[in-house]
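Reckoned from all heavy atoms, side chains included, excluding hydrogens, waters and symmetry mates. FYI, the numbering just counts along the sequence from 1. Numbering of ligands and ligand atoms starts at 1, following listing order.
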Amino acid sequence: MLARAMCGIVGYVGTREATPILLAGLRRLEYRGYDSAGIAVCNGEQAHLVRCQGKLAALEKLLAEKSPVGAYGIGHTRWATHGRPSDENAHPHKAGPISVVHNGIVENHVELRERLIASGRVFSSQTDTEVLAHLIDEALQAGAASLVEAVRAALRQVTGAYAIAVLSDRSPNVLVAAKNASPLVLGLGKGEMFIASDAPAILEQTRDMLFLEDGDIAELDHSGARITDLDGNPVVRKPRTVTWTAGQAEKAGYPHFMLKEIHEQPRAVTDTLAGRLLPDSNDAVLEDQEVTPLPSRVVILACGTSYHAGLVGKFLIENIARIPCEVDLASEFRYREPVVGSRDLVVGISQSGETADTLAAVKEARARGARTFAICNVVDSAIPRASDLVLYTRAGPEIGVASTKCFTAQLAALTLLAIHLGRRNGALAGVAATELVAELMQIPHKMSETLKETGDLKALARKYQNVRDFLFLGRGPNYPIALEGALKLKEISYIHAEGYAAGEMKHGPIALIGDGLPVVIIATRGKGYDKVLSNLAEVRAREGQVIAVATKGDTAILDQCEDVLWVPDAPPLLQPMLTVLPLQLLAYAVALARGNDVDQPRNLAKSVTVE
Ligand code: F6R
């Protein structure tokens, strides 16, 4: 199971004061989310909630003024997915006696919320989590025999991913935790129990841990945990002693955040598609937004890796929706007297949502009358705030400076946008729609397969770690991946690398080839495959060393290259979500072999808020 980096949860039940224990845990979890935080602590009468927008320091300040007293409680640090970061949207969420913290996405929250509102319930936040609090309270009012019984009844109505911790004012010294597709671990103390999204939060308290599995529900008190499934059948899970340091545990055992984030990509794409890709109708919904009127042109604006995602977006939008699409570097667009207007949809793509050039370009387009659409990973950051419409990638916080999981999540978001537009203008219909949606559903699985198959690339990195230059070639939707592969390599390994459209090789770069220059060629099956093979032969004929990214089973390619990195077969438009993975791993392995600081490469910052 891959770690899901989105929000952090802690819980404590025992005999000590809960507040300092929860706070210590949240400090260790802040890397999982940091736009708001909160705790609920109960002294057996009524839970006391303290929560606020902002980093944990803001919560600590509030708690320094008045710290809730009690020996059981839950806490949360948030990375927004539904509802902007605000005091009201901060967890825990309360309904009647129930307080809940949640990590994940309740996919059917809209229907559930409508039903609950129709039955007279009042909501005080925009989150999907508040739905869970109401469902549990409703189950209790309907006669559920215990808190754990009520949680079971609630979860049976929910689809999606969750890790939750729940307390009730009326069930003293009891916590309930449940997990499906989001991580959750129990810490076993002496006369006390802990809950956490992952081990680092509670390592200071105990090393004896019990990792819950999907479908598990645990009822905890100071003496231990009873684990059952959704139907109440007992489940046995074996505790284990964790030997990681807190630092290692933060990275889920990976040596670097970048490697962890590379491996989180299947999850990031799954989450970005969740609830938006509709396999029953072969459609895509953009939350409750509609791009109306349909644009006559799409203009994508972005920088760096997000710009490369935009270049893939052009293929997706033009092929799937048959709408002309241009892609521009935000830093160029804003100073160019651009021609945009009311019939254009201007899409700003940004991981951070704060990139100064992209923000200025989006504002410029809006001032000229264009409708603006943000694809962004940070909820309520500057670019979404400056845009008319927004689609959030749900990659979770990206800590490694080199962007990886946000890139593939951006590709997933762009595919949703293309399907949405194509369905509305009729360009995508019938079998083509069915096939595309079915293939897209397969992508996260194929991504996992690719990561597994590629492995650590240490041997390949040793071979090339001392070269001066690298060339990356690709065609069609894989041309932007050649650019991205080169960018990844240069930014963390500091080796000069260039990405080129394979067809352009003969117009200049071919002069570079010779003396064993490594050339990475994306040569996957599909349109243009034969042409790429000719490029490959041209490189070989000039003593270049070819590292091919090829379709699994394409044995014919084996004797034409030095090394092959395999990806599963997929339609060309969806291949970029696969072909980029071995290139990220290659950059990582080469940087590591050269002894570089992979997570914080020289001269770079995570968010570029200057021009
Ligand atoms: C490369 C990288 C940068 C960013 C660029 C735009 O790994 O991270 O090239 O992609 O600075 O940043 P965002 O997406 O935050 O606008």
Side-chain angles (χ1 to χ4, degrees), residues 79 256-262 264-265 268 272 300-313 327-334 346-363 365 372-387 390-414 472 480-495 497 499 576 580-581 583-588 590-591 596-611:
W79 181 261
H256 297 97
F257 279 110
M258 181 181 175
L259 191 60
K260 170 174 172 270
E261 287 160 4
I262 287 174
E264 281 172 354
Q265 290 180 100
T272 300
I300 299 180
L301 305 175
C303 303
T305 289
S306 298
Y307 170 71
H308 297 155
L311 292 175
V312 178
V327 193
D328 214 338
L329 290 163
S331 54
E332 288 294 318
F333 176 92
R334 59 182 292 202
V346 168
V347 179
I349 308 177
S350 175
Q351 174 278 129
S352 62
E354 303 290 346
T355 300
D357 282 322
T358 310
L359 178 61
V362 166
K363 285 184 174 166
T372 50
F373 184 105
I375 292 180
C376 190
N377 197 46
V378 181
V379 172
D380 215 33
S381 50
I383 293 168
R385 280 204 311 269
S387 304
V390 52
L391 185 63
Y392 287 111
T393 47
R394 297 177 183 143
E398 192 175 63
I399 294 174
V401 164
S403 186
T404 52
K405 63 176 178 172
C406 285
F407 177 72
T408 40
Q410 287 165 352
L411 297 184
L414 284 160
F472 287 73
I481 300 307
L483 297 179
E484 177 59 8
L487 176 63
K488 283 288 90 88
L489 187 73
K490 68 186 133 195
E491 70 182 323
I492 59 170
S493 77
Y494 318 142
I495 293 176
V580 75
L581 305 178
L583 304 192
Q584 295 167 341
L585 286 164
L586 176 66
Y588 173 81
V590 174
N596 294 354
D597 182 344
V598 175
D599 281 337
Q600 287 178 324
R602 69 185 183 204
N603 306 340
L604 291 170
K606 188 66 192 156
S607 160
V608 187
T609 51
V610 291
E611 287 185 22

Heavy-atom proximity to atom 15 (O) of ligand 1, best of Ser352, Ala302, Ala356, Gly348: Ser352
Any donor-acceptor N or O pair under 3.5 Å, side chains Thr404, Lys488: no
Proximal ligand 1 atoms for Gln351, defined as those under 4.0 Å from one of its heavy atoms: 13 (P), 14 (O), 15 (O), 16 (O)
contact_flag Lys488 ligand 1 heavy-atom lt 4.0 Å: yes
Pairwise distance SG(Cys376) to CD(Gln351) - rounded to 0.5 angstrom: 7.5 Å
Pairwise distance CG(Leu301) to OG1(Thr358) - rounded to 0.5 angstrom: 7.5 Å
Mode of Glu491 contact toward ligand 1 - side chain, backbone, both, neither (heavy atoms, under 4.0 Å): side chain
Atoms in ligand 1 flagged as close to Ser350, the criterion being non-hydrogen separation under 4.0 Å: 13 (P), 14 (O), 15 (O), 16 (O)
Pairwise distance NZ(Lys363) to OG1(Thr372) - rounded to 0.5 angstrom: 11.0 Å
Residues Glu484 and Thr305: side-chain donor-acceptor under 3.5 angstrom: yes
Atom indices of ligand 1, in the order listed, that fall short of 4.0 Å to a heavy atom of Ala402: 7 (O)
Atoms of ligand 1, numbered as shown, that sit under 4.0 Å from any heavy atom of Gly304: 9 (O), 10 (O)
Any N/O pair Ser306/ligand 1 closer than 3.5 Å: yes
Contact with ligand 1 for Val401, non-hydrogen, under 4.0 angstrom: yes
Identified side chain to side chain contact (heavy atoms under 4.5 Å, CB included) partner of Val347 from the options Ile375, Val362, Val327, Leu391: Ile375
Residue pair Phe407 / Ser306, side-chain heavy-atom distance below 4.5 Å: no
Proximal atoms of ligand 1 relative to Ser403 (non-hydrogen, under 4.0 Å): 7 (O), 8 (O)
